[in-house]
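Down below is the structure, laid out as structure tokens.
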Amino acid sequence: MRWFQPSSALFWVYFLIVCVGWAGLVLQLLGVFALTASEVLVGLPFTLATLVIFGWVIIRLDSLRARHVLRTGLRFGFLWGAMAGPGIALFGNDHLMRVVQNIAGDDFANDWQAPISATIVEEGIKGIGVFTVAWLGRWIFVRPMHGLLLGGCVGLGFQVVEDLIYEANAGLTSAQGGATPAILVGAVRLVAGIASHWMFTALAGIGIVVAVARRDWSMTRRLGVFAVFYSMGCALHFGWDAPDTAHIEYLGIGLKLVVYVVFFAAVYAWVLRGEREWFRSMIPIAAARGIATPEQLATLITRRSRRAARKPLRAQGYSNRQLIEGQRGLLERMQRLGTEPVDRLVAAGGWPATR
């Protein structure tokens with residue numbers, strides 16, 4: 001996927017929305033940041049930790065290095081999440097929450113306007129970003145794992161900027177003032193970030209990418225898959241923002257974190273199983289191309305099998321670093337092979353069913 005696609009109208013739409021969204025964010029928050037710059041600086045380490053920790057989590061989820069051929073698209077997604085999403089979401093949330101208040105009254109709005117608005121506006125703008133990038137790179141974003149990674153990057157970009165906004169607002173809304181509110185907000189959002197935008201949009205991204213990629217499926221089936229996974233992300237977001245009716249806030253947050261992580265792990269296990277099945281289906285094609293023997297390629301499917309394959313070679317004098325780099329190189333060649341046009345792969349021995 002290329003950075004610059006001047007012949008694509010969608011690319012220019014993407015570029016325009018990112019610029020407009022970023023400009024809107026700056027205009028809406030310029031006054032707040034001017035008043036709370038010191039608080040933002042104090043909370044910045046927590047925001048950077050969020051970026052590093054959950055960025056690392058997303059990378060670790062990609063055990064077969066699919067990101068090697070997706071890097072430009074994943075950067076596109078992160079930029080959308082960080083630059084387009086928050087500015088548009090601030091504007092949309094403000095107006096939709098007023099609509100909820102006007103229709104349902106103050107009592108209902110106090111409890112439910114935030115989860116309703118966030119689920120519709122924030123998941124909507126992030127989902128549009130995933131769709132835009134997936135369509136721009138529709139020849140490489142083709143599997144559920146690709147959707148999970150793209151959605152995770154879009155969500156992480158949104159999450160990082162939202163953390164900065166909350167830290168800036170903490171100084172204005174707290175009676176204490178000073179650095180303490182920003183530190184508390186930053187620390188709480190870092191811990192709660194385990195189940196946040198990166199996770200919600202990763203789930204939605206699976207459905208969006210599959211719906212875009214599976215052109216061999218009927219429209220009804222594609223829309224069904226999209227609806228299931230997009231609804232998962234929306235439901236988790238709504239549940240997270242929903243009021244704690246039992247009035248046991250911290251216990252409720254802890255329970256939600258556990259439930260969300262278990263749920264996401266179950267979905268991820270399904271995605272990972274499909275990714276491994278795709279890899280196995282590519283082994284005969286890769287072997288026919290002379291990339292490696294089927295036996296060598298079979299050792300790459302899991303991290304455990306890769307470690308086991310390195311063990312006897314270390315005894316022969318190879319360094320572990322050399323062996324890891326060699327395995328990564330093979331994985332990346334397999335991922336590049338998976339981006340080749342269908343007709344070439346069919347001629348080479350068949351096309352994986354997961355396409």
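Basis for what follows: all heavy atoms, side chains included, without hydrogens, waters or symmetry-related copies.
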| message | Taking the ring of Phe76 and the ring of Trp3, is the distance between their centroids below 6.0 Å? | response | yes
| His95 and Arg98: side chain donor to acceptor below 3.5 Å | no
| So, Trp12 versus Phe4, ring centres under 6.0 angstrom or not? | yes
| query | Is there a side-chain contact between Thr302 and Arg276, using heavy atoms and a 4.5 Å cut-off? | reply | yes
| request: For residues Phe131 and Trp80, establish whether the separation of their ring centroids is below 6.0 Å. | output: no
| query | Hey, would you say the Trp270 and Phe229 ring centroids sit under 6.0 Å apart? | reply | yes
| So, for Gln327 and Arg306, which heavy atoms are closest and what is the spacing to 0.1 Å? | NE2-O, 3.1 Å
| said: Side chains of Phe141 and Val69, heavy atoms from C-beta outward: is any pair under 4.5 Å? | reply: no
| said: Between Arg321 and Glu325, does any NZ, NE, NH1 or NH2 come within less than 4.0 Å of an OD or OE carboxylate oxygen? | reply: yes
| Tell me, do Val133 and Tyr14 make a side-chain contact under 4.5 Å, heavy atoms counted? | yes
| task | Report yes if the side chains of Val209 and Leu148 come closer than 4.5 Å at any heavy-atom pair, otherwise no. | result | no
| query | Under a 4.0 Å N-O cut-off, is there an ion pair linking Arg280 with Glu275? | reply | no
| Do Phe263 and Met232 have side chains that get closer than 4.5 Å, going by heavy atoms? | yes
| Does the side chain of Ser117 come within less than 4.5 Å of Val100's, by heavy atoms? | no
| said: In the structure I gave you, are the side-chain heavy atoms of Val99 and Ile103 within less than 4.5 Å of one another anywhere? | reply: yes
| message | Within the structure provided, determine whether Glu122 and Glu162 are in side-chain contact (heavy-atom separation under 4.5 Å). | response | yes
| remark: For Val161 and Ala82 the tightest heavy-atom approach is CG2-O, 3.4 Å
| His237: which of Phe200, Tyr260, Phe158 passes ring-ring contact (aromatic ring centres under 6.0 Å, His included) | Phe200
| query | Do the charged groups of Arg189 and Glu167 touch, with an N to O distance under 4.0 Å? | reply | no
| field | Output field: ring centroids Trp198/Phe78 closer than 6.0 Å | value | no
